[in-house]
Amino acid sequence: MASLSPSWPEWLPLRTSLRPLTPYGAPQIPDVIRLNTNENPFEVPASVLAEMQKNLEKILPTLNRYPDRDAVQLRSDLACYINSRSKTAFTLDNIWAANGSNEILQTLMLACGEKGVLGFLPSYSVHPLIAQVTGTEFFNAARDEDFSVDVSQAIAVINERRPSMVFITTPNNPTGTSMPLGDIEQLAQAGAGVGALLVVDEAYAEFSSEASAVTLLGAYQNIVVVRTMSKAFAFAGARVGYLVARPEVIDAALITRLPYHLSSPTQALAIAALACAPALLAEVDFLIGERERVARELATLGLKPVPSSANFLIFSGFSMAPSELWAELKDRGVLIRDIGIPGYLRVSIGTAAENDAFLDAVNKSGASQRSS
Ligand SMILES: *Cc1c(COP(=O)(O)O)cnc(C)c1O
């Protein structure tokens, strides 16, 4: 997100609030092992491809028509998926789908961001970025040294700032740490006290053993859970995210969405992917195992991985600057992420071979020898 102040030309009437910004984006470099954007490393299995092709073939001749504006089947299928995992009883009225959860977040901020949003940094850098581009004030309530959120302090900040939305990311990106369900309940209560929605970004839920906040929706009407098919479903290229909430929240989102925003091919592909959920989710357990292995081996190299509930982890314990180790690993053909936390770098969990290449590159970089 916003880095050095760029020099926008005078003739371009860019909004003043946007002039300090540069376009968002992690580097996309060819011919390296990409462990920098938390993608699922596995390609779509052949059985799933066949299902997708079948669904696509059905809708392609009807591309002259606008898509189903309300994505009825997709939302029903998403409700079934959530119900099967969390033993809930949602219907399509509790679900809304969009082009990635980033679009969900933007739609929510446009609809409900009037009194500002509160987040706990370091967290997903796109939250403050979307706040900025939608003219929504962003309040930061910092995390503790171990990246956890001090709940009583958080409640005090919520009462002081009285935002219209509070954002929690759990498991949190970039730290991989998760928030206990009991803490989420307390924040939901505090949010309700000041008329705020509690938006729980669960992009990595499938990699965590913690129960989903969707199980709290019956008790707390102000909880909004944001999910994505980008990570666990290995579906980042298709751009499908969704929201689980009370129907009133869905209706509010429908006010600020663009008409016909979710294309027919996207809906058809997502419906096919959900029909093949077991095949797509089969790799999640493997990635969890690899995450634990990478953490163990980093520790063996003398580095300090932070326990993670996601498909990535951050680590410290190297004496050189993060940017220096990042560049050295890139030169060795492994691209990870410098997430701007002093002393830390983040690595996404890849295939076994990719993880081995990462560990080998770390070993050869001298990071462990030079650690203090
Ligand atoms: C990756 C990620 C998303 C996903 O965004 P999509 O637009 O669905 O690809 C959302 N929230 C967090 C915290 C993430 O890390």
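Just so you know, residue 1 is the first one in the sequence shown, and it goes up from there. Order of listing sets the numbers, starting from 1, for every ligand and every atom in it.
In this structure, R227 and E206 have side chains that are in contact, with non-hydrogen atoms separated by less than 4.5 Å.
Using a 4.0 Å cut-off to heavy atoms of A203, the atoms of ligand 1 that qualify are 2 (C), 3 (C), 10 (C), 11 (N), 12 (C), 14 (C). Numbered from 1 in the order shown, with element, the atoms of ligand 1 that lie under 4.0 Å from a heavy atom of R239 read 6 (P), 7 (O), 9 (O). Each of the following atoms of ligand 1 lies closer than 4.0 Å to a heavy atom of S230: 6 (P), 8 (O), 9 (O). Taking every heavy atom of G100 and a limit of under 4.0 angstrom, the matching atoms of ligand 1 come to 6 (P), 7 (O), 8 (O). Annotation for ligand 1: atoms under 4.0 Å from non-hydrogen atoms of K231 are 1 (C), 2 (C), 3 (C), 4 (C), 14 (C), 15 (O). Close approach of ligand 1 to N102 (heavy-atom distance below 4.0 Å) involves ligand atoms 5 (O), 7 (O).
The aromatic rings of F167 and H127 sit tilted relative to each other, their planes meeting at an angle between 30° and 60°.
Checking only distances, T169 never comes within under 3.5 Å of ligand 1, N or O to N or O. Not a single N or O atom of H127, backbone or side chain, sits closer than 3.5 Å to an N or O atom of ligand 1. For the pair N38 and ligand 1, the shortest N or O to N or O distance does not fall below 3.5 Å.
Looking at S101 against ligand 1, both its backbone and its side chain come within 4.0 Å, counting heavy atoms. Proximity of E103 to ligand 1, defined as any heavy-atom pair under 4.0 Å, is not found for any part of the residue.
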In sequence, state the C-alpha distance, the side-chain angles, and the governing distance for E202 and S212, and then conclude on side chain to side chain donor-acceptor pair (under 3.5 Å). CA-CA 8 Å; E202 290 190 351; S212 165; 2.8 Å; yes
